[in-house]
Engineer: 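My questions will all concern the structure given below.
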Amino acid sequence: MLGEMIEKLKDIILEHKKIVFPVVLAIALLITFGIGLAANRKNEKNEEVQANALGTAEEETVQTGLAVPDVLLEENAYPEVNELITKYYRALEEKNTDVLTEIVSPLTDEFLIYFNEYAKYVQACPTINIYTKPGPRKDSYVAYAVVDVQIVGYDDETVPGLNSFFICRNEAGNYYINKEKEVDREEADYIKAIHMQDDVVDLNNKVNAEFNQMTVAGSEAAQAYKNVKASITKGIQEVLLARQEAEQPEETEEAPEEEAQPENVPTEVKTTTVVNMRSSDSEKADKVGKAQIGDTFKVIEQRANGWTKLTDGTNEFFIKTEFLEVTAEAPAEGQETPPQDTAAETPPQETAVAGELPGSNGKVTAKTTVNVRKSASETGEKLGMVYQGDQLELIMNQADGWSKVKYNGQTAYIKSEFLE
């Protein structure tokens, strides 16, 4: 799950590659609005391309049949489009996500994470020029923003960048930046054909040449710009991991142990029926085994909540006190020690129950993202994390609800409930 979310965000960052050429995309700091493919999403016919463009231009037919007009780029020709894209860059400068609700649709959580990470590096965009061509929908545009970007910490110079946008008009008549992850194949092919036209290629090459000249001249801002993509990807991953940990079920701390103070303290008990052995003093706790009638265990502690903590000599677990019968007691403090029973003690019972714990094949697989700890405790030192689908070598399934595993060459522990 966590791996899929990171891949989607990487696709967003690299969306330039679907509609602009790779060299520009490696340079671009600001957000590019790429177009995904979804051949099964839309079956209805697309609306005709702008009538004025189709009526005056020589047409080129793409594979899917949408006519691609062979018209030149227009510079700053549509005030409403210019205003929309300028609002976007001003929001980037001001780190203002509220504006996005008015100008971007759909506005997803993934895109907001992406926007916030980019905004960390943008101080100002003093110059913005917008170039447009007709889009695949009625009253739509494929737009290219050539922007001078001032990187945070580099006040003396700006860096040129080129970013692309798919601009559409909604039912209310307002333009918006289309961030659909999936459009039909005809629209995607149309936009790709636009990006392959000579004047778009020339515009791309012009911006790329200017940036390369800055790099050759030793511009620190240009070098910083080249390193931005890796920083943004890392930032997005950290946000996703933090969110994943927050959404993951919390590892509950054991309730404070309450000291039982009976007149005589039970030291050994036997079960009066077949009963489950639990990892903590709750009927909702993990089942770590099953005791049979007459199984004998040493008492670690009797709790006031109706549970008894026991051991079979190897593992510790809990059984409800009502299903236990005292077979040996120790006197309370201040009392004389009673005569000891010389009968042979009942040997500890095996607690492993076939099929109830993971790892029958010597391996375990993480069912979700989960912490790996140095000891079998929720307060144990955190050694790292494993993710859904990760496989580890199993050393032992413990009756206390933890599994001992091999992790990065060392012994570690993971809660059994998160493994299969």
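Being a predicted model, the structure only gives us computed values, none of them experimental. Only heavy atoms go into these numbers, but all of them, side chains included; no hydrogens, no water, no symmetry mates.
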Engineer: Looking at Val142 and Tyr144, what are the two nearest heavy atoms and their distance?
Structural biologist: CG1-OH, 3.6 Å
Engineer: Between Val200 and Tyr131, is there a side-chain heavy-atom distance shorter than 4.5 Å?
Structural biologist: no
Engineer: Parallel, tilted or perpendicular, judged at 30° and 60°: which one describes the rings of Tyr118 and Tyr114?
Structural biologist: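 Geometry flag for Tyr114 against Tyr118: perpendicular rings.
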Engineer: Under the salt bridge (charged side-chain N to carboxylate O under 4.0 Å, His left out) rule, collect the residues that match up with Lys406, sequence neighbours excluded.
Structural biologist: none
Engineer: Kindly indicate whether the side chain of Phe166, heavy atoms from C-beta on, has any atom under 4.5 Å from the side chain of Pro136.
Structural biologist: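 They are in side-chain contact.
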Engineer: Please list, chain by chain and in numerical order, all residues satisfying side chain to side chain contact (heavy atoms under 4.5 Å, CB included) with Ala217, sequence neighbours excluded.
Structural biologist: none
Engineer: State whether Lys363 and Glu393 are salt-bridged, where the test is any N-O pair (Lys NZ or Arg NE/NH1/NH2 against Asp/Glu carboxylate O) under 4.0 Å.
Structural biologist: no
Engineer: Do NZ/NE/NH1/NH2 and the carboxylate oxygens of Glu210 and Lys206 come within less than 4.0 Å?
Structural biologist: yes
Engineer: Hey, mind stepping through Met385 and Thr369 against side chain to side chain contact (heavy atoms under 4.5 Å, CB included) and telling me if it holds?
Structural biologist: CA-CA 7 Å; Met385 297 180 70; Thr369 301; 2.9 Å; yes
Engineer: Verify the ring-centre separation between Phe317 and Phe297: is it less than 6.0 angstrom?
Structural biologist: yes
Engineer: Got Ile293 and Thr272 here, is their nearest side-chain heavy-atom distance under 4.5 Å?
Structural biologist: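 No; the side chains remain at least 4.5 Å from each other.
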Engineer: Show the numbers, then the answer: is there a side chain to side chain donor-acceptor pair (under 3.5 Å) between Gln197 and Lys133?
Structural biologist: CA-CA 11 Å; Gln197 292 181 338; Lys133 288 203 176 193; 2.4 Å; yes
Engineer: Is a side-chain N or O of Thr267 found less than 3.5 angstrom from the main chain of Ala328, in a donor-acceptor match?
Structural biologist: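 A pair under 3.5 Å: yes.
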Engineer: Can you confirm whether the side chains of Gln302 and Lys309 place a donor and an acceptor under 3.5 Å from each other?
Structural biologist: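 No, no side-chain donor-acceptor pair sits under 3.5 Å.
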Engineer: Rounded to the nearest 0.5 Å, what's the gap from CG on Leu324 to CD on Glu268? Could you check?
Structural biologist: 11.5 Å
Engineer: Can you name the nearest heavy-atom pair linking Ser279 to Val288, along with the distance?
Structural biologist: CB-CG1, 4.0 Å
Engineer: Answer yes if the side chains of Gln150 and Thr158 hold a donor-acceptor pair under 3.5 Å, and no otherwise.
Structural biologist: no
Engineer: Kindly compute the distance separating CG (Asn212) from CG (Asn208), expressed to the nearest 0.5 Å.
Structural biologist: 4.5 Å
Engineer: Answer yes or no: is there a side-chain heavy-atom contact under 4.5 Å between Leu73 and Thr132?
Structural biologist: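 No, their side chains stay 4.5 Å or more apart.
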Engineer: Is the terminal nitrogen or CZ of Arg169 (NZ for Lys, CZ for Arg) located under 6.0 angstrom from the six-membered ring centre of Tyr175 and within 45° of that ring's axis?
Structural biologist: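 Judged by the rule, Arg169 and Tyr175 form a cation-pi pair.
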Engineer: Scan side-chain atoms only and decide if Asp295 and Thr271 contain a donor-acceptor pair under the 3.5 Å cut-off.
Structural biologist: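 The answer is no; no qualifying pair exists.
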Engineer: Salt bridge or not between Glu417 and Lys284? Use side-chain N to carboxylate O under 4.0 Å.
Structural biologist: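 Looking at Glu417 and Lys284, the cut-off is not met.
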Engineer: Nearest 0.5 Å, please: how far is OG1 in Thr368 from CG in Leu419?
Structural biologist: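 With rounding to 0.5 Å, CG (Leu419) is 10.5 Å from OG1 (Thr368).
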Engineer: Is there a donor-acceptor pair under 3.5 Å between the side chain of Arg90 and the backbone N or O of Cys125?
Structural biologist: yes
Engineer: Taking Asp189 for its side chain and Glu186 for its backbone only, find out whether a donor-acceptor pair lies under 3.5 Å.
Structural biologist: no
Engineer: For the backbone of Val122 and the side chain of Lys95, can you confirm whether one donor and one acceptor N or O come within less than 3.5 Å of each other?
Structural biologist: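 Checking the backbone N and O of Val122 against the side chain of Lys95, a donor-acceptor pair under 3.5 Å is found.
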Engineer: Closest approach of Ala221 and Ile151, non-hydrogen atoms and distance?
Structural biologist: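 Nearest pair, atom of Ala221 first, then Ile151: O-CG1, 4.4 Å.
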Engineer: Grab the two heavy atoms, one from Ser280 and one from Phe318, that are nearest each other, plus how far apart they are.
Structural biologist: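 The answer is CA-CD1, 3.4 Å.
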Engineer: Using modelled atom types only, decide if a donor and an acceptor are shared between the side chain of Thr86 and the backbone of Asn82 within a distance under 3.5 Å.
Structural biologist: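 It does hold such a pair.
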Engineer: Begin with the C-alpha distance, continue with both residues' side-chain angles, and end with the deciding distance and a verdict on side chain to side chain contact (heavy atoms under 4.5 Å, CB included) for Leu394 and Ser403.
Structural biologist: CA-CA 7 Å; Leu394 176 69; Ser403 291; 4.0 Å; yes
Engineer: Are the side chain of Thr296 and the backbone of Lys270 linked by a donor-acceptor contact shorter than 3.5 Å?
Structural biologist: no
Engineer: Return yes if some donor-acceptor pair links the side-chain N/O of Arg278 with the main-chain N/O of Ala285 below 3.5 Å, else return no.
Structural biologist: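 Yes; judged by distance alone, with no hydrogens or angles, the pair exists.
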Engineer: Are any of the side-chain nitrogens in Arg137 or Glu187 under 4.0 Å away from the carboxylate oxygens of its partner?
Structural biologist: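 Counted as a salt bridge, because a side-chain N and a carboxylate O are separated by less than 4.0 Å.
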Engineer: Give the C-alpha distance, both sets of side-chain angles, the deciding distance and a yes or no for side chain to side chain contact (heavy atoms under 4.5 Å, CB included) between Val386 and Ile414.
Structural biologist: CA-CA 9 Å; Val386 293; Ile414 299 175; 4.0 Å; yes
Engineer: A side-chain contact here means heavy atoms from C-beta on lying under 4.5 Å apart; do Tyr121 and Ile232 qualify?
Structural biologist: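 Yes, side chains in contact.
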Engineer: Report the distance from atom OG1 of Thr97 to atom CD1 of Ile113, rounding to the nearest 0.5 Å.
Structural biologist: 12.0 Å
Engineer: Measure across Pro160 and Asp148 and return the closest heavy-atom pair with its distance rounded to 0.1 Å.
Structural biologist: CA-OD1, 4.1 Å
Engineer: Are any of the side-chain nitrogens in Glu420 or Lys367 under 4.0 Å away from the carboxylate oxygens of its partner?
Structural biologist: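 Salt bridge flag = no for Lys367 with Glu420.
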Engineer: Checking Gln223 side chain against Thr215 main chain: does a donor-acceptor pair fall under 3.5 Å?
Structural biologist: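 Not at all, since once roles are kept as given, no pair shorter than 3.5 Å links the two residues.
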Engineer: Would you find more than 12 non-hydrogen atoms of other residues, nucleotides or ligands less than 6.0 Å from Glu94 atom CD?
Structural biologist: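 Buried by this count: over 12 neighbours within 6.0 Å.
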Engineer: To check you understand the geometry: which heavy-atom pair defines the closest contact between Gln123 and Asp155, and what is its length?
Structural biologist: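 Scanning both residues completely, I find the closest heavy atoms to be NE2-OD1, 2.8 Å.
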Engineer: Going by heavy atoms in the side chains, are Tyr407 and Tyr413 under 4.5 Å from each other?
Structural biologist: no
Engineer: With a 3.5 Å distance limit and no angle check, can you tell me whether Asn76 reaches the backbone of Ile130 through a side-chain donor-acceptor pair?
Structural biologist: yes
Engineer: Distance check, rounded to the nearest 0.5 Å: Lys120 atom NZ versus Phe115 atom CZ?
Structural biologist: 12.5 Å
Engineer: Does the Thr365 side chain pair with the main chain of Gly389, one donor and one acceptor, at a distance under 3.5 Å?
Structural biologist: no
Engineer: What distance separates Leu107 CG from Glu102 CD, expressed to the nearest 0.5 Å?
Structural biologist: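 Between atom CG of Leu107 and atom CD of Glu102 there are 11.0 Å.
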Engineer: Start with the C-alpha gap between Leu310 and Lys298, add the side-chain angles, then the distance that decides, and say whether side chain to side chain contact (heavy atoms under 4.5 Å, CB included) holds.
Structural biologist: CA-CA 6 Å; Leu310 305 167; Lys298 296 293 185 183; over 6 Å; no
Engineer: So do the side chains of Leu84 and Ile167 get within less than 4.5 Å of each other, counting heavy atoms only?
Structural biologist: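 Yes, their side chains come closer than 4.5 Å.
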Engineer: Using distance alone, with no hydrogens and no angle criterion, decide if Ser377 and Thr379 have a side-chain donor and acceptor under 3.5 Å apart.
Structural biologist: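 There is such a pair (donor and acceptor under 3.5 Å, judged by atom type) between the side chains of Ser377 and Thr379.
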Engineer: Are the side chains of Tyr88 and Phe165 in contact, using a 4.5 Å heavy-atom criterion?
Structural biologist: yes
Engineer: For Tyr89 and Asn163, test the side chains for any donor-to-acceptor distance below 3.5 angstrom and give the result as yes or no.
Structural biologist: yes
